[in-house]
There are 2 protein chains.
Amino acid sequence: MSRRARVSPNQILAAAALEFAQRGFAGARVDRIARRARVNKAMLYYHFRSKQGLYRTLLRRTFTLAAERIRTVAASAGSPADKVDRIIAELADLIHEHAFFPAIMLREVAEGGAHLDRETLLTLVAVPREVGGVVQEGIKQGLFRNVNPLFAHITMLAPIVFYLASGPIRKELGALHLTNLPLSPDDFIHHMQEVMRRALAREARPRPTS
Amino acid sequence: MSRRARVSPNQILAAAALEFAQRGFAGARVDRIARRARVNKAMLYYHFRSKQGLYRTLLRRTFTLAAERIRTVAASAGSPADKVDRIIAELADLIHEHAFFPAIMLREVAEGGAHLDRETLLTLVAVPREVGGVVQEGIKQGLFRNVNPLFAHITMLAPIVFYLASGPIRKELGALHLTNLPLSPDDFIHHMQEVMRRALAREARPRPTS
DNA sequence: GTCTATACTTCGATAGAC
DNA sequence: GTCTATCGAAGTATAGAC
């Protein structure tokens, strides 16, 4: 009765995420993706037209998911400061659920978006747009200082991506006794929440009354 | 009289920096590096043993240079807050002089240090060590809050690298009318100096006297 | 040290049977 | 939809003359 389950494109995408994150577009091997997904290579080409087609599909999904989750926070109730806090936590959750996120993002930035078509770029900009919206909301309400929204976005996103992507290299350094013990990702997230509270606050240091 | 100048390995390294930054280790083509350096491909293999040998030589040079420049600032006179300011400016200068820095760093983090041998890793950790030292100095003197030095280092380094590496992709987004005009790198550096002052300050927001 | 020509390998992609 | 076998391009590396 139970026939073998149909091969789902999702299996392939999951395997591709690992491979592309670990090796980048050029370093990724289609054979390895097929093997990890337990699919025949021809099957992979049947579902996605090419290596590039597979890559773009993966990135579109990834960015779309991230943008949706951030949008949900941005559109929710609460003060702008509160939303920034929750956006940071949401990013951490996203990365926790999809460990391949940070490496893919770092690579795409380094690559200058070489493999991205217009549609994929569109899904990509949705994230900074959402975050920027929250920052502007805070400025308008007089709660944040007049900071550039894109700057604020990069200030919060980059360290999180960087720290969580650098887990492997920190682990290797630890193994060679070149550095201290790694700290928990949670600690870093709390750190970034504190940093952003301070970075955005209207007045960080009350001016002396002279 | 004037015979053709001897091919210097430096020409090759400069070309390799561009190629590796743009395409990553796997995506880089030895032919292209040779052509950009105006050297024969065999010449390249004569000076460096292999593609990997060339890559490692480049990274060692890069990290060593960065660590030396940061060390100079860290060892200079001045308050810790002042040094943090100048380290940020120094990083910006380094990147301005060597545009390939950010992409290479992002890629190595994403790669998990896959192409790095022990010696190269040693030169790599020198940078966080120097920055961490300055932060600890500030904490000891009661000028900074008790922040984790590695966290502080990543908080300042990641956005700079990220912003300066994302120039091409922001430019592309601008061309597609998907985003606003790009801002000057200088503005971003000033932004990060302000952010780090706030992030490290002993007391950012005076507690209400209840 | 420098160059040309080429050996050898890997990999993306497809043809064609079922 | 699924699989096996294989083609053809691209790429690292080297042999060997100068």
Side-chain angles (χ1 to χ4, degrees), chain A residues 1-60 104 107-108 110-111 114-117 120, chain B residues 1-60 104 107-108 110-111 114-117 120:
Chain A
M1 271 305 162
S2 76
R3 47 184 90 171
R4 179 149 46 87
R6 284 263 180 283
V7 164
S8 124
N10 288 332
Q11 290 173 45
I12 301 176
L13 281 168
L18 283 178
E19 178 74 4
F20 283 126
Q22 259 175 32
R23 325 237 182 190
F25 181 78
R29 295 295 162 247
V30 175
D31 289 285
R32 256 196 307 256
I33 295 174
R35 192 159 40 76
R36 281 195 200 178
R38 307 205 198 192
V39 199
N40 193 282
K41 190 167 53 159
M43 209 61 244
L44 187 153
Y45 280 96
Y46 172 81
H47 283 292
F48 307 88
R49 255 180 50 87
S50 63
K51 185 183 179 181
Q52 195 183 58
L54 176 57
Y55 187 69
R56 286 182 176 170
T57 305
L58 172 68
L59 287 198
R60 267 199 288 273
I104 299 251
R107 286 185 197 279
E108 260 324 301
E111 215 97 339
H115 309 291
L116 306 184
D117 51 4
T120 310
Chain B
M1 271 303 161
S2 74
R3 46 184 90 170
R4 179 150 47 88
R6 284 262 178 283
V7 165
S8 124
N10 287 332
Q11 290 173 45
I12 302 176
L13 281 168
L18 282 178
E19 178 74 4
F20 284 127
Q22 258 176 32
R23 325 237 182 190
F25 181 79
R29 295 293 163 248
V30 176
D31 289 286
R32 256 195 307 254
I33 296 174
R35 193 158 40 76
R36 282 195 199 180
R38 307 203 197 193
V39 199
N40 194 280
K41 192 167 51 161
M43 209 59 244
L44 188 153
Y45 280 98
Y46 172 81
H47 282 291
F48 307 89
R49 256 180 49 85
S50 63
K51 183 181 177 181
Q52 195 185 61
L54 177 58
Y55 187 69
R56 286 184 176 169
T57 304
L58 172 69
L59 287 198
R60 267 199 289 274
I104 298 252
R107 285 186 199 278
E108 261 324 300
E111 215 99 337
H115 308 292
L116 305 184
D117 51 5
T120 310

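Keep in mind that the numbers below use all heavy atoms, side chains included, and drop hydrogens, waters and symmetry copies. By convention in this document, chain letters (A, B, ...) are assigned in the order of the sequence lines, proteins followed by strands, and residues within each chain are numbered from 1.
For B:Y55, the ring-ring contact (aromatic ring centres under 6.0 Å, His included) criterion is met by B:F20, B:F25, B:H115, not counting sequence neighbours. For the salt bridge (charged side-chain N to carboxylate O under 4.0 Å, His left out) test, no residue two or more places apart in sequence or in another chain qualifies with A:E108. Qualifying salt bridge (charged side-chain N to carboxylate O under 4.0 Å, His left out) partners for A:R38, counting only residues two or more places apart in sequence or in other chains: none.
Residue B:N40 holds its CG atom at 13.0 Å from CZ of B:R35, rounded to the nearest 0.5 Å.
The distance between atom NE2 of A:H115 and atom P of C:dG12, rounded to the nearest whole Å, is 13 Å. Across the protein-nucleic acid pair, A:R35 atom CZ and D:dC3 atom P stand 16 Å apart, rounded to whole Å. Per the geometry, CZ belonging to B:R49 stands 11 Å off C1' belonging to D:dA13, to the nearest Å. Look at CD1 on A:I12: it is 11 Å from P on D:dC3, rounded to the nearest Å. D:dT12 atom P lies 15 Å from atom OH of B:Y55, rounded to whole Å.
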Between the protein and nucleotides 8-11 of chain D, which nitrogen or oxygen pairs come in under 3.5 angstrom?
| from | atom 1 | to | atom 2 | distance (Å) |
| --- | --- | --- | --- | --- |
| D:dG11 | OP1 | B:R29 | NE | 2.8 |
| D:dG11 | O5' | B:R29 | NE | 3.2 |

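Of all the residues in residues 37-46 of chain B, B:N40, B:A42, B:M43, B:Y46 reach under 4.0 Å from DNA chain C with at least one non-hydrogen atom.
Heavy-atom minimum distance, A:S50 versus A:Y45: CA-CE2, 3.9 Å. Between B:R36 and B:A15, the shortest heavy-atom contact is CB-CB, 3.8 Å. Looking at every heavy atom in both residues, B:I12 comes nearest to B:I33 through O-CG2, 4.0 Å.
Evaluation of the salt bridge (Lys or Arg N to Asp or Glu O under 4.0 Å) test over residues 25-34 of chain B, restricted to residues two or more places apart or in two chains, returns B:E19-B:R32, B:D31-B:K41.
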